[in-house]
Amino acid sequence: MSTHATTSCVLQVGPLKPSLAETLRARYAAHVLPDSDSERTTFLAEHGDEVTVVVTSGRTGVNAELMEALPNLGAVVNFGVGYDTTDVEAAGRRGIGVSNTPDVLTDCVADTAVGLMIDTLRRFSASDRYVRQGRWPVDGNYPLTRQVSNTRVGIVGLGRIGGAIAKRLTAFGCAISYHNRRPVADSPYTYVSSPLELARGVDVLIVAAAGGAGTRKLIDGKVIDALGADGYLVNIARGSVVDEDALVDALTDGRLAGAGLDVFVDEPQVPHQLLEMDNVVLLPHVASGTVQTRAAMEDLTLRNLDKFLQTGELITPVPLPTPA
Ligand code: 8YV
């Protein structure tokens, strides 16, 4: 980043962890972008040109329209590893830096992926409901489920999180293969050149790819059908990476054995058909949601903000498309 504003003004965009929002208010005298359209328009007309840095989360981000209304914006500091809600093309064109919070959440997100996989195959959540509903004494033993250890697992996106999932599942004796934009150098896992081929050869497909335009509906109806009636899908990435309608159809028709989902296309809305299915585990986007990890994400967010305010640089910048 070349420009570093001498007078800085921080803007909070979208809801943030309460302690982070409070720090932004108390320590940085941050403005908060109003929710309502009319108040937002008024705010941007009055203060848009003062804002030099935005702090937001992966759930909200900064789109091209908002970026346009902030002519002196130098950085978007994003709480979260995923930044698909921020228009990185527009940021790249303007020379606006974007940071995220990698590494600090890898373990928790990988733990969630493995937990979701176990829950989905072994139906622990469904078994728990069975006990609570008083069905055990009435209907007898719970039906048998699917073994987790020694399954064939395909990982879509072998980045930091995908790698941590693979490492955990290796300890379960799982055979790991993966698809990535490029093969990962020195990876012990088997590279497969497309999600379709990957799905054909595994029992469980775990989606760990970044969201955004490049991965939209990467897991389409064909990939889901290739996974087949004995196959399972686990998604801890972004809802947009999976064709959700095709997933619902396949589950409804019994063309897929089950799914474990932490993310959805239109959060917090979940397709109503899924709510009725016992072969589906539904989580409200909690993969990084532990006290420890969220505190580490908050800390890294503030360190990025401080670094930008002091030097015009970011600690963990994301790669931006270079303007043509
Ligand atoms: C957060 C996430 O829940 O880091 C991400 O990309 O999806 C989660 O860790 C989210 O970003 C917080 O807004």
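Note that ligands are numbered from 1 as they come in the structure, with each ligand's atoms numbered from 1 the same way.
Not one N or O on the side chain of D266 forms a donor-acceptor pair closer than 3.5 Å with the backbone of Q269. In terms of modelled atom types and a separation under 3.5 Å, the side chain of D203 and the main chain of R152 share a donor-acceptor contact.
Ranked by closest heavy atom to atom 11 (O) of ligand 1, the top entry among G14, G82, G289, G80 is G80.
Nearest non-hydrogen protein atom to atom 1 (C) of ligand 1 is S288 OG, 3.7 Å. When hydrogens are left out, the protein atom nearest atom 2 (C) of ligand 1 is H285 NE2, 3.6 Å; that is the closest non-hydrogen contact. Among protein heavy atoms, the minimum distance from atom 10 (C) of ligand 1 is reached at R59 NE, 4.0 Å. For atom 5 (C) of ligand 1, the closest non-hydrogen atom of the protein is V81 N, 3.4 Å.
Under 4.0 angstrom from ligand 1, the non-hydrogen atoms of L105 all belong to its side chain. Only side-chain heavy atoms of R294 come within less than 4.0 Å of ligand 1; its backbone N, CA, C and O stay farther off.
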task = I would like to know whether L121 and Y232 meet side chain to side chain contact (heavy atoms under 4.5 Å, CB included); could you show each step before the answer?
result = CA-CA 8 Å; L121 273 65; Y232 295 84; 3.6 Å; yes

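Taking every heavy atom of M297 and a limit of under 4.0 angstrom, the matching atoms of ligand 1 come to 9 (O). Here is the list of ligand 1 atoms found below 4.0 Å of a heavy atom in R238: 2 (C), 5 (C), 6 (O), 7 (O). Ligand 1 places these atoms under 4.0 Å from at least one heavy atom of S57: 13 (O).
Among D262, L275, L116, the single residue meeting the side chain to side chain contact (heavy atoms under 4.5 Å, CB included) criterion with L282 is L275. Screening L314, I315, T316 for a side chain to side chain contact (heavy atoms under 4.5 Å, CB included) with R303, the sole residue that qualifies is I315. Just one residue in the list V156, N235, L169 forms a side chain to side chain contact (heavy atoms under 4.5 Å, CB included) with I206, and that residue is L169.
Checking D119 against S125 by side-chain atom types alone, a donor-acceptor pair falls below 3.5 Å.
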